[in-house]
Amino acid sequence: MSEGTMQRRAQRDDQSDRTDRSEPGVLTDGGDRRVRRASRAGGVNRALAAAAALPVLLFAAACSSDSGSDDSAGSGGTAQADAGGSSASDPSASAAPTVQAAAFKALPKACATLSAKTLTELVPKAKAKQGTSTDPQDRASCSWSSLDNNGVKGSQFRWLNVSLLRFESDATRGAGDRLAQEYYAKQVGDAQAVAGAKGTTSQAVPGTGDQATVVRYDLKKKEGAFKQQTVVARVENVVVTVDYNGAGLAGDKTPSADTLVKAAEKAAKEAVASVRAANGEGNGGGNGGAASGGSDGKPSASASPSTSSKASSKASSAPSASPSASPSKSAAKAAAAGASPSASRKS
């Protein structure tokens, strides 16, 4: 082998040894170029892939947003529908409970509830005294006082009172006729429990409103013995109370209790008829029609019933504010006041 050939082989072996002794991870120039080319190619590929994926991601996000809105709207609509259905089916969400309307909306004028003929029989030559009332549509009263002076033979005293109380239906307290029934029972109980009364008896009065009771008893006063009759009647949502008493004064004879009871029952029937007439039922039993007449008991120009339908919750189970509301109290007061002839003449 020639010297030149051996020298070239030695150079090739030396170059190969240097390559083998290179640090790990350090590439020769040729390898480094190949790595950089591969890296650039990979970066370009990744950029192209990202650019291609971007529209897909945007489209997916838009779809997801729309779907969320639809779900929200759907759930809101469902909730509203559920709420509407729930309130429609919930009894507590319905209107306030109703109560049956009161049958009678008006009262007659109390001083016109009785006919002139009846007044002449029960309280001759008496003048009517209208009771005070802040609401005549719900309560009214009228009284008459009579003293028939027979000189040395004595005198006959009579006192008559008609009291009317109307009850309006109320969603809280109940129907008017039921409230009237409660007050009716209270009035009868009061009449049966008068202080100082003797021989108290009571019985039903047929043909007078929906229900009626007469209570009779004696009251002994220094002026004489008084015979008291109280008739309590109910017609629909109105309670009528008639108090009638009499006495023989200054030596005159005591009136018959049976006669006074019949007179009181007659007056109660007429008063009930007047209540009906004031509300368009029947002709009434008073002067000039049930809704006519003034405080003096004379007929007035108008006999038409009241057309007012004012709803009132003022009517309560308490007695009327007029002096004649309670038979137990008014009868006793009348007996004491009527014992004096001078007092009777003043009234």
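The first residue in the sequence is number 1, and the count goes up from there. Keep in mind that what you see is a predicted model, and the values were worked out from it rather than measured.
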Exercise. Given the rule in the side-chain contact (heavy atoms from CB on, under 4.5 Å) test, do Thr208 and Glu265 qualify, once you have shown the distances and angles that lead to the verdict?
Worked result: CA-CA 8 Å; Thr208 305; Glu265 291 177 352; 5.9 Å; no

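- When atom types are taken as modelled, the side chain of Ser155 and the backbone of Leu147 share no donor-acceptor pair closer than 3.5 angstrom.
- Salt bridge annotation for Asp218-Lys198: absent, with no cationic side-chain nitrogen under 4.0 angstrom from a carboxylate oxygen.
- Taking the side chain as every heavy atom from C-beta outward, Val272 and Arg234 never approach each other to under 4.5 Å.
- We find that Glu236 and Arg276 are not joined by a salt bridge, their nearest charged nitrogen and carboxylate oxygen being 4.0 Å or further apart.
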Problem set entry | Evaluation steps, side-chain contact (heavy atoms from CB on, under 4.5 Å), between Leu107 and Val238 | CA-CA 8 Å; Leu107 291 178; Val238 176; 3.8 Å; yes

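- In this structure, Glu270 contributes its side chain and Ser115 its backbone to a donor-acceptor pair below 3.5 Å.
- Here CG of Leu165 is found 7.5 Å from CG of Asp138. Values are rounded to the nearest 0.5 Å.
- The main-chain N or O of Leu114 is never found under 3.5 Å from a side-chain atom of Thr118 such that the two would form a donor-acceptor pair.
- In terms of heavy-atom proximity, Ala191 sits nearest to Val194 at O-CG2, 3.5 Å.
- Remark: side-chain polar atoms of Asp243 are not paired, donor with acceptor, to backbone N or O of Thr230 under 3.5 angstrom.
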For this session: Give the C-alpha distance, both sets of side-chain angles, the deciding distance and a yes or no for side-chain contact (heavy atoms from CB on, under 4.5 Å) between Asp210 and Gln181.
Result: CA-CA 10 Å; Asp210 296 312; Gln181 289 178 11; over 6 Å; no

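- From Lys125, atom NZ reaches atom CG of Asn149 across 10.0 Å, with rounding to the nearest 0.5 Å.
- Between Pro255 and Leu260, the shortest heavy-atom contact is CG-CD1, 3.9 Å.
- Ser146 OG to Leu160 CG: the interatomic distance, rounded to the nearest 0.5 Å, is 10.5 Å.
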Exercise. After noting the C-alpha distance and the side-chain angles of Trp144 and Val162, does the key distance pass the side-chain contact (heavy atoms from CB on, under 4.5 Å) rule?
Worked result: CA-CA 9 Å; Trp144 299 260; Val162 175; 4.0 Å; yes

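- Asn245 is not listed as a side-chain neighbour of Lys227, based on a closest heavy-atom distance of 4.5 Å or more.
- Note that CD of Gln130 and SG of Cys142 are 5.5 Å apart. Values are rounded to the nearest 0.5 Å.
- A search for side chain to side chain contact (heavy atoms under 4.5 Å, CB included) contacts involving Gln100 returns nothing, not counting sequence neighbours.
- Residues in residues 244-262 take part in these salt bridge (Lys or Arg N to Asp or Glu O under 4.0 Å) pairs, two or more places apart or across chains: Arg216-Asp258.
- Between the Tyr183 side chain and the Val239 main chain, no donor and acceptor come within less than 3.5 Å of each other.
- Between Val261 and Val214, the closest heavy-atom pair is CG1-CG2, 4.3 Å.
- Shown here for Ala278 and Ala106, the closest heavy-atom pair between the two residues is O-CB, 4.3 Å.
- Nearest heavy atom pair, residue Pro108 against residue Thr113, reads CG-CG2, 3.8 Å.
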Problem set entry | Pair Gln156-Asp148, side-chain hydrogen bond (donor to acceptor under 3.5 Å, both in side chains): steps then yes or no | CA-CA 5 Å; Gln156 287 290 322; Asp148 187 9; over 6 Å; no

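- Salt bridge annotation for Asp135-Arg139: absent, with no cationic side-chain nitrogen under 4.0 angstrom from a carboxylate oxygen.
- Here the OG1-CD distance, from Thr213 to Gln187, works out to 11.5 Å after rounding to the nearest 0.5 Å.
- A distance of 6.5 Å separates NZ in Lys105 from CZ in Arg166, rounded to the nearest 0.5 Å.
- Between Lys186 and Glu182, none of the side-chain N atoms (NZ, or NE/NH1/NH2) sits under 4.0 Å from a carboxylate O, so this pair counts as no salt bridge.
- Between the side chain of Asn237 and the backbone N or O of Leu179, no donor-acceptor pair lies under 3.5 Å.
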Exercise. What do the steps show when you test Lys129 against Ser143 for side-chain hydrogen bond (donor to acceptor under 3.5 Å, both in side chains), and what is the final call?
Worked result: CA-CA 5 Å; Lys129 183 179 180 181; Ser143 62; 5.9 Å; no

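- Relative orientation of the Phe226 and Phe157 rings is perpendicular, given thresholds of 30° and 60° on the angle between their planes.
- Nearest heavy-atom pair, Val275 versus Phe104, reported as atom, atom and distance to 0.1 Å: CG1-CD1, 3.8 Å.
- The side chain to side chain contact (heavy atoms under 4.5 Å, CB included) check on Thr200 picks up Ala197, Val215, Tyr217, with sequence neighbours excluded.
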